[in-house]
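To keep things clear, I will list the structure first and then write my remarks on it.
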Amino acid sequence: MNSIDPVILFFLFGLVAGLLRSELKLPSALYDSLSIFLLLAIGLKGGQGLATQPLGPLLPQLLAVVVLGVVQTLIAFGALRAIFRFDRPNAAATAAHYGSVSVATFAVAAAWLSSRSIDVEPQMAILLAVMEIPAILVGIVLARGVSKDTDWRSLGHEAFLGKGVTLLLGGMAIGWAAGPEGLQPIKIMYFDLFKAVLALFLLEMGLIVSRQVDELKRRGLSLIAFGLAMPLLSACLGLGTGMMLGFSVGGMTMLATLAASASYIAVPAAMRIAVPEANPAVSLAGSLGVTFPFNILAGIPLYHWMATQLTGATP
Amino acid sequence: MNSIDPVILFFLFGLVAGLLRSELKLPSALYDSLSIFLLLAIGLKGGQGLATQPLGPLLPQLLAVVVLGVVQTLIAFGALRAIFRFDRPNAAATAAHYGSVSVATFAVAAAWLSSRSIDVEPQMAILLAVMEIPAILVGIVLARGVSKDTDWRSLGHEAFLGKGVTLLLGGMAIGWAAGPEGLQPIKIMYFDLFKAVLALFLLEMGLIVSRQVDELKRRGLSLIAFGLAMPLLSACLGLGTGMMLGFSVGGMTMLATLAASASYIAVPAAMRIAVPEANPAVSLAGSLGVTFPFNILAGIPLYHWMATQLTGATP
Amino acid sequence: MNSIDPVILFFLFGLVAGLLRSELKLPSALYDSLSIFLLLAIGLKGGQGLATQPLGPLLPQLLAVVVLGVVQTLIAFGALRAIFRFDRPNAAATAAHYGSVSVATFAVAAAWLSSRSIDVEPQMAILLAVMEIPAILVGIVLARGVSKDTDWRSLGHEAFLGKGVTLLLGGMAIGWAAGPEGLQPIKIMYFDLFKAVLALFLLEMGLIVSRQVDELKRRGLSLIAFGLAMPLLSACLGLGTGMMLGFSVGGMTMLATLAASASYIAVPAAMRIAVPEANPAVSLAGSLGVTFPFNILAGIPLYHWMATQLTGATP
Amino acid sequence: MIPIQTEKRTLLTVFTEATLEHVLIKDIDRLGIRGYTICDARGKGSRGVRDATWDESKNIRIEIICARPQAETLLAHLQERYYSNYAMVACLSEVEVLRPGKF
Amino acid sequence: MIPIQTEKRTLLTVFTEATLEHVLIKDIDRLGIRGYTICDARGKGSRGVRDATWDESKNIRIEIICARPQAETLLAHLQERYYSNYAMVACLSEVEVLRPGKF
Amino acid sequence: MIPIQTEKRTLLTVFTEATLEHVLIKDIDRLGIRGYTICDARGKGSRGVRDATWDESKNIRIEIICARPQAETLLAHLQERYYSNYAMVACLSEVEVLRPGKF
Ligand SMILES: Nc1ncnc2c1ncn2[C@@H]1O[C@H](COP(=O)(O)O)[C@@H](O)[C@H]1O
Ligand SMILES: Nc1ncnc2c1ncn2[C@@H]1O[C@H](COP(=O)(O)O)[C@@H](O)[C@H]1O
Ligand SMILES: Nc1ncnc2c1ncn2[C@@H]1O[C@H](COP(=O)(O)O)[C@@H](O)[C@H]1O
Ligand code: NA
Ligand code: NA
Ligand code: NA
């Protein structure tokens, strides 16, 4: 029998402490440092994997996940407008969150799979980095249409040179250039401590999620419904894409998780500037308050089970 | 022969650097992060231990340490009023510091015992958390009497949901739920790095202690006398309690150390709000400037020696 | 074949991210914490080495490196005045940077040598600490002459009790007192994680170096010429001194690197106060923008090659 | 451009111990004041140097823009309740705001 | 000592969301304003509590010393562009500076 | 409630390089000024952008409440000693305090 993963327990601890209004809080420099560490470590791990295989097959995969991101954003936008009656800016901003990805969710899935010794294609880290971006651009176009005074240059800058993408790509480049052997002397920190650092990060995530509860109450059931339905739909799209690309069970699970996950760092920051009329509290209550906990508590095992069913593998 | 523990050397280094007015200081976010880490690690370790034994015998132990905390506070208050001529608010606030416990002292004792392979009952972490609290409440009653406008709700909140208690209890809950096996993947950070992190933390403690010297000079010998006598007395009470509860030599040493230790985080913050007339510099000069160094430099080995004498064990 | 060291890759990553104006930045508390860690770890390592050998031969070595520092500063000052036409304050301040040393460069050299299993004399850490200081004092005298109102007391304080020197000497004292055995329980953090922490630190260094580019452009080629020529000259002086002192190839390489390195922490802070008319942007553009990257990318292997040639050792 | 229409309000600035943050926020809320801004600080005063090196020596700096009577009420409350026992300094000054209804 | 010669300038203080920092700096530069100072902050206003615990809830506090007309131009720009969609409060006050040519 | 009795004092605000903190504190003490408050800051001025990303580019913001003559003395000292070589801006404004004897 598997006991509950301590990483999840840290999250639940943060959540409960937050709901009980404990005085616990992490210094914001610690939170920033932990997230820099996680992004770098994910990048390094992926890059080191890439170093041992040809890069050729990567291109169609990159294309596929860009399409996946765009499709997800459009579906989410349609649903939010038609079914959930969101106004245009809020629908567009929220859709962008769901079309993009969450690094913390990715990290939890990576830890979940590795603790079960399930292999994952190494290029997942690069797909993670790439999937952050298209939803942002689509979201902006959905909110504003394509107009002359869209400042595409600074949007592109924001999207491609934001902290998250920079660290993921930089980490990958380092991992790829150094290779498994070169990384040996720094392995103990970036790989062996990964799960423990992730645990501490999730403690803070729990605290942050607990602060979304008020907004959720205010919005009622519709946001919760969307926040549960959308990841399920996206996971199916992700599983299909993974299957099409010939991924392993681990890779399919990961791609489903990526698709199901909703951004809460890069996208909110970009939307705040690009779609000022959208209320950030709404998108975050959905993405952080509903979808993130759902994914890490129930989604990942579910997507893995679906992947094994689809491929006919024995779980 | 045992060389001096590096943890103690870090403390002495901080102390000397501070006394020489070096420009060395740790960023306050680092200090906060280290203390969060230590509290979590202590909790995890305790919780993991609890997972492998029945919880039944815990209840009388909890009761015993609550009584121990209350008694210590009352004795300290009496002594400060009668012998040291403190006014009521300062006597009450200082007594609360000495009736409560110090996590850093606990951590040093844990490192000291573990480097000598002396086993300690795992529930010590929960006793540590519980012993933080009663002295705060007693201190307030001593200072103000029980009046109608005491805001017990927010005091209770402060006492039970303060950072320290939350992290200790949360860590224990996680350790207990995950068990030794579940903690395996995060063990390297929370257990193997513990002593090194503690060392860095004590460096900062040394710097902080060095800043108490001015206040100590101003107060003269009486504060020093109290700061040395009180822990000795409390240690005896702790040893007695430990013996009564049937603890091992390690457990008795630990309970003596807990009793002897004086708070410098939770209690000062609570007293500052609840007993404004008390001068925090006085209590801290005693607890940080005298009792903390005494305990970690001389107290712990002494209490261990006393424990071996009492139980007739060979040291 | 040796792949590129990941530590260097981290630096290049930071440099590129900075030049592309990525939004990446490390919290300043993290940067401070990493540098505290590195200084302590270098000190501990050196101190532990000293614990196993007689301290007698140290004295002439200390004297030699003090002279080395003074000579370097004077040469740099002369060259900057005569060849590069700097005004007096800027020449003096910049010369002080080059007469002093850079801890990050030292750390990279230590990692470079240790990954090639090349032994280094343990007292290097103490030479590092000592070499920080004389250039500061010489620089001030060069800028202002010796006048009555020089506040030597606070300058001495600044020089000897600044953060860097305090941590190096404190770490050495701890390492020496605890010895290799005593450090065992904290070894995993301060020694095994050293390279990974250095990597993260160099990421930030890359970002900082990238910000020197504007100033470099403004100053034209002369600063670049000086920033390349000076370390080469200093390295030769360092190699000579190392040979004279009978150091091993590793020790000679290290002393050459130390001599070649230019300060960017202790000296700028001291010069800012003591020589206000000097423009800190100039010295830093040279020391950080030219000399630091040159040393870690090309200098260290070069100095090592020169050391092997000089001693006739097989590389 | 039409000249902007500002109106006068009072800015109350409080320098005090960080431990008081929660308590003061409650006081501010209770008095019906609708906004405030807080920064971390360090400093020196009659209660000595407070250099923010650890929890006990951290200061904060609170700014509150409101109508003069509210500022005076809060200031009087601070004086009565905290001045004698805490490191605390407060001052009033005059500022101009748009949207006066907000303050 | 000769009495110092000060001249009046306007201090514009803006409390707003940290996400806007880059954007506002560009605005300031574009308006030809030559200097500003920024501090990290937290606070409360009509858009709720912003307690700086994570990126989305961080505030900043910008101070700009400049001539009155420039301050009014910037303030009008802020009002038009940001007031309705962002957590933002701004106020003007009077200060005295040396070296008036600098501002 | 009795109307509160405030008295006028001068607030001197200094924006400058963090490296100067120790030196300025000594100057303040030497001039017999009894209190100050310091915050960390970043900013831009005639000496370029100082974005606090590392030691050399950190700013601080010092506030000093005191009597006008003291403020002028300190300001004159700053001007004479630091203005030409350091990133530094200072301004004076008027504030009201209780307990005037304290400042
Ligand atoms: N004259 C002053 N000017 C500016 N800030 C002050 C002044 N006096 C005190 N402070 C601030 O107010 C805090 C409390 O002051 P005090 O109650 O006098 O110890 C100090 O720690 C400083 O941060
Ligand atoms: N009355 C006030 N006094 C001081 N600061 C305020 C006030 N109202 C709002 N603020 C600050 O301005 C930010 C935005 O305010 P708002 O747009 O009202 O949410 C808040 O988060 C506070 O930091
Ligand atoms: N006009 C201004 N308004 C507000 N702060 C300023 C202004 N000009 C300069 N500063 C601040 O003062 C520091 C030094 O200015 P300077 O000496 O002009 O480089 C800058 O880094 C800013 O933090
Ligand atoms: Na998604
Ligand atoms: Na006690
Ligand atoms: Na040098």
Side-chain angles (χ1 to χ4, degrees), chain E residues 1-16 18-43 52 58-68 70-71 74 91-103, chain F residues 8-18 20 31 37-53 57-96:
Chain E
M1 212 176 59
I2 323 144
I4 58 171
Q5 287 292 340
T6 66
E7 213 165 293
K8 293 239 178 325
R9 283 293 176 275
T10 299
L11 169 67
L12 169 59
T13 308
V14 187
F15 307 102
T16 191
T19 348
L20 285 182
E21 180 163 336
H22 288 294
V23 184
L24 292 178
I25 287 180
K26 271 190 219 153
D27 290 352
I28 291 172
D29 284 345
R30 196 159 4 89
L31 289 175
I33 293 171
R34 280 182 275 166
Y36 56 83
T37 298
I38 302 181
C39 295
D40 293 318
R42 51 193 178 279
K58 282 180 183 160
N59 275 0
I60 52 172
R61 179 178 182 287
I62 313 182
E63 286 173 299
I64 297 152
I65 303 171
C66 55
R68 177 86 194 185
Q70 269 186 314
L74 179 50
C91 64
L92 300 174
S93 59
E94 217 172 56
V95 297
E96 292 165 64
V97 297
L98 305 173
R99 305 180 298 180
K102 199 177 151 73
F103 302 96
Chain F
K8 294 237 179 323
R9 284 292 176 276
T10 299
L11 169 66
L12 169 59
T13 308
V14 186
F15 308 101
T16 191
E17 310 180 11
L20 285 182
L31 289 175
T37 298
I38 302 180
C39 294
D40 293 318
R42 51 193 177 279
K44 194 187 122 175
S46 56
R47 290 184 179 249
V49 174
R50 303 185 44 80
D51 59 3
T53 45
S57 69
K58 281 180 184 159
N59 275 0
I60 52 172
R61 178 178 182 285
I62 313 183
E63 286 173 301
I64 298 152
I65 303 172
C66 55
R68 178 86 195 185
Q70 268 185 313
E72 293 197 355
T73 311
L74 180 50
L75 183 53
H77 170 75
L78 296 179
Q79 176 172 36
E80 190 204 308
R81 181 78 166 264
Y82 302 105
Y83 268 30
S84 50
N85 289 315
Y86 293 94
M88 184 181 281
V89 159
C91 64
L92 300 174
S93 59
E94 216 173 55
V95 297
E96 292 165 63

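All heavy atoms count here, side chains included; hydrogens, waters and symmetry mates do not. Chain letters run A, B, ... following the sequence lines, proteins first and then strands; every chain starts at 1.
Only the side chain of F:Arg61 comes within less than 4.5 Å of a heavy atom of chain E; its backbone N, CA, C and O stay farther away. Heavy atoms closer than 4.5 Å to chain F are found in the side chain of E:Ile60, but not in its backbone. Of the atoms belonging to F:Asp40, it is backbone heavy atoms, and not side-chain ones, that fall under 4.5 Å from chain E. At a 4.5 Å heavy-atom cutoff, E:Glu7 makes no contact with chain F through either its backbone or its side chain.
We find the CD-CG distance between F:Glu72 and E:Leu98 to be 9.5 Å, quoted to the nearest 0.5 Å.
Counting heavy-atom pairs under 4.5 Å between each of E:Val95, E:Val97, E:Leu11 and chain F puts E:Val95 at the top. Comparing F:Leu75, F:Leu92, F:Thr13 by heavy-atom pairs within less than 4.5 Å of chain E, the highest count is held by F:Leu92. Between chain F and the residues E:Arg34, E:Glu63, E:Glu94, E:Arg9, the largest count of heavy-atom pairs under 4.5 Å involves E:Glu63.
For the pair F:Met88 and E:Arg99, the tightest heavy-atom approach, listed with the atom from each and the gap, is O-NH2, 2.8 Å.
Taking 4.0 Å as the cut-off between side-chain N and carboxylate O, E:Glu96 and F:Arg68 count as a salt-bridged pair.
Looking at F:Val89 and E:Lys102, their side chains come closer than 4.5 Å, going by heavy atoms from C-beta outward. Between E:Ile38 and F:Lys44, the closest side-chain pair of non-hydrogen atoms is not below 4.5 Å.
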